[in-house]
Amino acid sequence: MAVRKLKPTTPGQRHKIIGVFDTITKCTPEKSLVGGFAKTGGRNNTGKMTMRYIGGGHKRKYRVIDFKRSFKDNVPATVKGIEYDPNRSARIALLYYADGEKGYILAPNGLQVGQVVLSGENVAPEIGNSLAIENIPLGTMVHNIELRPGQGAALVRSAGTFAQITSREGKYVIVKLPSGETRKILGVCRATVGVVGNADHALEKSGKAGRSRWLGRRPRVRGVAMNPVDHPMGGGEGRQSGGHPRSRKGLLAKGKKTRHPKKQTSQFIIERKSK
């Protein structure tokens with residue numbers, strides 16, 4: 001993987017840094033694994049805008065990703081292609097199972113076309129294989145981690161991310177997450193071995209505002225540029241600082257803890273995420 005910096009032939013290309021598509025081997029998605037993807041524009045079912053700064057964007061097709069991998073235990077699957085997915089930062093891999101079915105998974109770093117991957121309880125902890133985290137050796141880098149058995153992967157799905165298994169404690173496994181948080185996860189929960197591919201996604205720069213519009217993001221207005229009736233940080237003569245940073249609803253930002261102190265799952269967090 002790499003990125004390429006464009007020559008400054010236009011103002012929009014002067015600071016533009018985009019990824020290359022050298023790992024992609026298949027251009028069109030598998031028709032049986034594609035569904036419709038309707039945009040809301042930030043509106044609810046009555047047409048009222050409930051989320052600001054959302055709207056427009058290029059039309060997309062949704063690729064159905066298998067985040068569970070439990071329905072195909074011990075059925076070998078061959079990687080037929082690495083594809084681009086407009087709905088996520090990572091690349092996806094098309095699998096052909098031995099029983100004739102097809103499926104998409106997130107493509108980990110190092111996964112090659114023609115490689116065979118497996119899922120199940122007693123499979124080897126190799127790149128692309130999915131198994132219970134209690135059966136994965138300590139120190140292994142994993143992604144696609146479940147929080148509840150059978151629920152499907154909820155953690156570590158973005159491009160270039162990975163978690164590390166540090167130790168075991170009874171029926172729990174201690175995992176260090178990309179945010180720096182260390183927490184307990186049930187050992188029967190599944191994870192996929194390897195690091196999520198397309199790690200250079202973090203180095204990309206859009207170069208112009210139009211690329212944000214293509215992604216469905218509308219311009220975001222700063223609070224200090226608003227009137228007092230619109231935002232707690234608005235108003236003032238000239239360019240006022242706006243006071244202590246806070247949200248539109250008055251909740252303190254930048255340092256204020258927002259997690260509920262009595263949240264039930266806090267008992268599984270050993271160390272908070274690093275600032």
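Both backbone and side-chain heavy atoms feed into the values below; hydrogens, waters and symmetry mates do not. We're numbering straight along the sequence, starting at 1.
For the pair V188 and P149, the tightest heavy-atom approach, listed with the atom from each and the gap, is CG2-CG, 3.5 Å. Contact record, Y84 with F21: CD1-CE2, 4.0 Å, taken as the closest heavy-atom pair. Between A90 and V196, the shortest heavy-atom distance links the atoms CB-CG1, 3.5 Å. The minimum heavy-atom distance linking Q240 with G235 is given by the pair CB-O, 4.0 Å. Across every non-hydrogen atom of Q115 and I127, the tightest pair is NE2-O, 3.5 Å. Closest approach of A132 and G187 over heavy atoms only: CB-O, 3.5 Å.
Distance alone, capped at 3.5 Å, places no donor-acceptor pair between the Q13 side chain and the P8 backbone. Judged by distance alone, with hydrogens and angles left aside, the side-chain atoms of S119 form a donor-acceptor pair with the main-chain N or O of R69 at under 3.5 Å. Checked by atom type and distance alone, the side chain of Q164 pairs as donor or acceptor with a backbone atom of G139 at under 3.5 Å. Without hydrogens or angle criteria, D200 side chain to G19 main chain gives no donor-acceptor distance under 3.5 Å. A donor-acceptor pair under 3.5 Å is formed between the side chain of R43 and the backbone N or O of G41. Under a 3.5 Å cut-off, the side chain of N129 and the backbone N or O of A124 do form a donor-acceptor pair. Proximity of a side-chain donor or acceptor of R211 to a complementary backbone N or O of G207 within less than 3.5 Å is not detected. At least one donor-acceptor pair closer than 3.5 Å links the side chain of K26 to the backbone N or O of T28. Proximity of a side-chain donor or acceptor of R168 to a complementary backbone N or O of E134 within less than 3.5 Å is detected. Listed for the T25 side chain is a donor-acceptor partner under 3.5 Å among the backbone atoms of I82.
Inspection of the S266 and R259 side chains reveals an N or O donor paired with an N or O acceptor under 3.5 Å.
Using a 4.5 Å heavy-atom threshold, the side chains of P219 and R213 count as touching. Counting heavy atoms from C-beta on, the side chains of K102 and Y97 never come closer than 4.5 Å. The shortest side-chain heavy-atom distance between K263 and I269 does not fall under the 4.5 Å cut-off. Side-chain contact between K184 and I174: present, with at least one pair of heavy atoms (C-beta onward) separated by less than 4.5 Å. With a 4.5 Å cut-off on side-chain heavy atoms, L111 and V117 count as touching. The closest side-chain heavy-atom distance from I105 to N144 is not below 4.5 Å. Between K68 and S130, every side-chain heavy-atom pair lies at or beyond the 4.5 Å cut-off. No side-chain heavy atom of K16 sits under 4.5 Å from any side-chain heavy atom of K208.
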Pair I65, R88 - check side-chain contact (heavy atoms from CB on, under 4.5 Å), show working. CA-CA 11 Å; I65 312 294; R88 63 195 72 250; 3.6 Å; yes
Go through F67 and R190 one step at a time and tell me if the side-chain contact (heavy atoms from CB on, under 4.5 Å) criterion holds. CA-CA 10 Å; F67 286 114; R190 293 199 178 200; over 6 Å; no
Assess whether side-chain contact (heavy atoms from CB on, under 4.5 Å) is satisfied between L95 and V79, documenting all intermediate values. CA-CA 5 Å; L95 303 183; V79 179; 3.7 Å; yes
Would you check, one step at a time, whether the test side-chain contact (heavy atoms from CB on, under 4.5 Å) holds for R60 with K39? CA-CA 9 Å; R60 302 177 184 176; K39 293 180 181 291; 4.1 Å; yes
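Partners of T182 according to the side-chain hydrogen bond (donor to acceptor under 3.5 Å, both in side chains) rule, which considers only residues two or more places apart in sequence or in another chain, do not exist here. Listed by chain and number, the residues in a salt bridge (charged side-chain N to carboxylate O under 4.0 Å, His left out) with E237 amount to none (sequence neighbours excluded). Every residue meeting the side-chain hydrogen bond (donor to acceptor under 3.5 Å, both in side chains) condition with Y104, not counting sequence neighbours, appears here in chain and number order: E83. Residues satisfying the side-chain contact (heavy atoms from CB on, under 4.5 Å) test with T46, not counting sequence neighbours, are N44, K48.
How far CG of N198 is from CG of L106: 11.5 Å, rounded to the nearest 0.5 Å. Here the CZ atom belonging to R222 is positioned 11.5 Å from the NE2 atom belonging to H231, to the nearest 0.5 angstrom. Distance check, rounded to the nearest 0.5 Å: CG of L215 to NE2 of H58 gives 10.5 Å. Interatomic distance, N135 CG to T140 OG1, rounded to the nearest 0.5 Å: 11.5 Å. The CD1 atom of I18 sits 3.5 Å away from the CZ atom of R4 when rounded to the nearest 0.5 Å. Atom-to-atom distance recorded for R272:CZ and R183:CZ is 9.5 Å, nearest 0.5 angstrom.
In the displayed structure, R14 atom CZ is contacted under 6.0 Å by at most 12 heavy atoms of other residues, nucleotides or ligands. Within a 6.0 Å sphere centred on NZ of K256, other residues, nucleotides and ligands contribute 12 heavy atoms or fewer. Atom CE of M51 has 12 or fewer heavy atoms from other residues, nucleotides or ligands within 6.0 Å. No more than 12 heavy atoms of other residues, nucleotides or ligands lie within 6.0 Å of CD in Q264, so this atom counts as exposed by the packing criterion. The number of heavy-atom neighbours closer than 6.0 Å to NZ of K61, taken from other residues, nucleotides and ligands shown, is 12 or below. More than 12 heavy atoms of other shown residues, nucleotides or ligands fall within 6.0 angstrom of atom CG in D99. When the shell of 6.0 Å around NE2 of H15 is examined, it contains 12 or fewer heavy atoms from other residues, nucleotides or ligands. Applying the 6.0 Å contact sphere to CZ of F71 captures no more than 12 heavy atoms from other residues, nucleotides or ligands.
Residue I92 is grouped with residue L33 when hydrophobic side chains (ILVMFWY) are merged at heavy-atom distances under 4.5 angstrom, including chains of intermediate members.
I145 forms part of a hydrophobic cluster together with L118, V123, L131, I133, I136, L138, V142, L147, L155, V156, I165, V173, V175, L177, I185, V193, judged by ILVMFWY side-chain heavy-atom separations under 4.5 Å.
Among residue pairs with one or both ends in residues 132-153, none qualify as ring-ring contact (aromatic ring centres under 6.0 Å, His included); sequence neighbours excluded.
F268 and Y172 have tilted rings, their planes meeting at an angle from 30° to 60° on a 0 to 90° scale.
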